[in-house]
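Order of appearance sets the numbers: ligands from 1, and atoms from 1 within every ligand.
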Amino acid sequence: MKLPNYDDVLRAAHHLAHHAHKTPVLQSRTLNESLGAQVFFKCENFQRIGAFKFRGGYNALASLSHAQRQKGVVAFSSGNHAQAVALAAQLFNVPATIVMPKTAPAAKKAATLGYGATVIEYDRLTEDRELIAQRLVEEKGMTLIPPFAHPDVIAGQGTAVKELIEEVGQLDVLFVPLGGGGLLSGSLLAAQALSPACRVYGVEPEGGNDAQQSLTAGQIVRIDYPESIADGALTPALAPMTFALIQQYVSGVLTVNDTHLVSALRFFAERMKMVVEPTGCLGAAAVMQQLIPLAGLRVGVVISGGNVDLAQYGQLLSAG
Ligand SMILES: *Cc1c(COP(=O)(O)O)cnc(C)c1O
């Protein structure tokens, strides 16, 4: 297993220049005053497709050979990775097939089709999406683009924190949403290279704290049915590649519950005038709950995405 390193992040940044947005870094005076800290939000909710996943998807497509591009790519996802691969493939003029559950929200399916991808639907109860994707790889020679367990995907995700540190300077501590660990792994490579004294924490939902358990156990722990409104972080387990990088560099993994996520989501809507999806609130919720003492520190937070189902978003804003 070849682990990506910071040189791979630099190469990814080169690929992404002029294709990904350099997303804004925002602060809230209210939050800074209440914490006595300086908090820098890296707003990947404003990235193309509404989440950082465009970075990894685009870098993976950019790294393919000509022959691989001609045969096309396949991904299985009902979330942001599907749209990231679909858009990146469209930009490279590469055919893309996305394997999605029949029950995926219509808006997500429409967005994926809108980027020109072919969607193959499967029945969650009776079919295995990995087998469907594997068949396309074997029969049509397509290349599978996994959502996090891939060096080019991890390197692409690392470019967000590279931009953040290059813009604001050294950080004392950084909080990163954590699902399968692609974003955290890339962020660790960037922070290690550019702000080596920075402590980096992954933040996952309390009802899906497999990474926290994995670090304690010293081996990958699987949670088959994680539960949280943070639907982008419900991966049952880390991959060997992300576990290796996280184990090596992370300062710790923290958890927040759905109530904390909703408070952060409302704070962003009310005070900062921006839509952040529940998963995108993981790092911010850890900061707002002060799970680590932050007074006097320079704090980075990755806001990972802003794709919401409007009906659910409305309910989260108005309930309680
Ligand atoms: C995929 C995703 C995550 C988790 O990223 P991993 O690389 O799987 O850890 C977090 N937030 C959003 C918005 C996502 O789409």
In ligand 1, which numbered atoms sit nearer than 4.0 Å to a non-hydrogen atom of [X]?
X: G232; value: 1 (C), 2 (C), 3 (C), 4 (C)
X: N80; value: 13 (C), 14 (C), 15 (O)
X: G305; value: 13 (C)
X: G179; value: 4 (C), 6 (P), 8 (O), 9 (O)
X: G182; value: 6 (P), 7 (O), 9 (O)

Open item on the list: So, taking the atom named CG in N80 and the one named NZ in K53, what distance separates them when rounded to the nearest 0.5 Å?
Closed with: 5.5 Å
- [ ] First locate atom OG of S63, then atom OH of Y58, and finally report the distance between them rounded to the nearest 0.5 Å.
- [x] 10.5 Å
Heteroatom proximity flag, [X] to ligand 1, N/O under 3.5 Å:
X: P177; answer: no
X: T279; answer: no
X: P147; answer: no
X: F52; answer: no
X: L183; answer: yes
X: E277; answer: no

Open item on the list: Which heavy atom of H81 sits nearest to which heavy atom of I145, and what is that distance?
Closed with: NE2-O, 2.8 Å
Task: Closest approach of E44 to S304 (non-hydrogen atoms, all atoms of both residues) - done: CB-O, 3.8 Å
[X] side chain vs [Y] backbone, donor-acceptor pair below 3.5 Å:
X: R55; Y: Q47; value: no
X: T235; Y: A237; value: no
X: T242; Y: L238; value: no

TODO: Check whether any heavy atom of G181 sits under 4.0 Å from an atom of ligand 1.
DONE: yes
Open item on the list: For E167, run the side chain to side chain donor-acceptor pair (under 3.5 Å) check against K22, K42, K162 and tell me which one passes.
Closed with: K22
Task: For atom 8 (O) of ligand 1, the protein heavy atom that lies nearest, with its residue and separation - done: G180 N, 2.8 Å
- [ ] Specify the protein heavy atom at minimum distance from atom 11 (N) of ligand 1: its residue, its atom name, and the distance to 0.1 Å.
- [x] S304 OG, 2.7 Å
Open item on the list: Suppose we call two aromatic rings close when their centres sit under 6.0 Å apart. Are F41 and F268 close by that rule?
Closed with: yes
Task: Part of K53 within contact of ligand 1 (heavy atoms, under 4.0 Å) - done: side chain
Open item on the list: Are V302 and L297 connected into the same hydrophobic cluster when the rule is that any two of I, L, V, M, F, W, Y join if their side-chain heavy atoms are below 4.5 Å apart?
Closed with: no
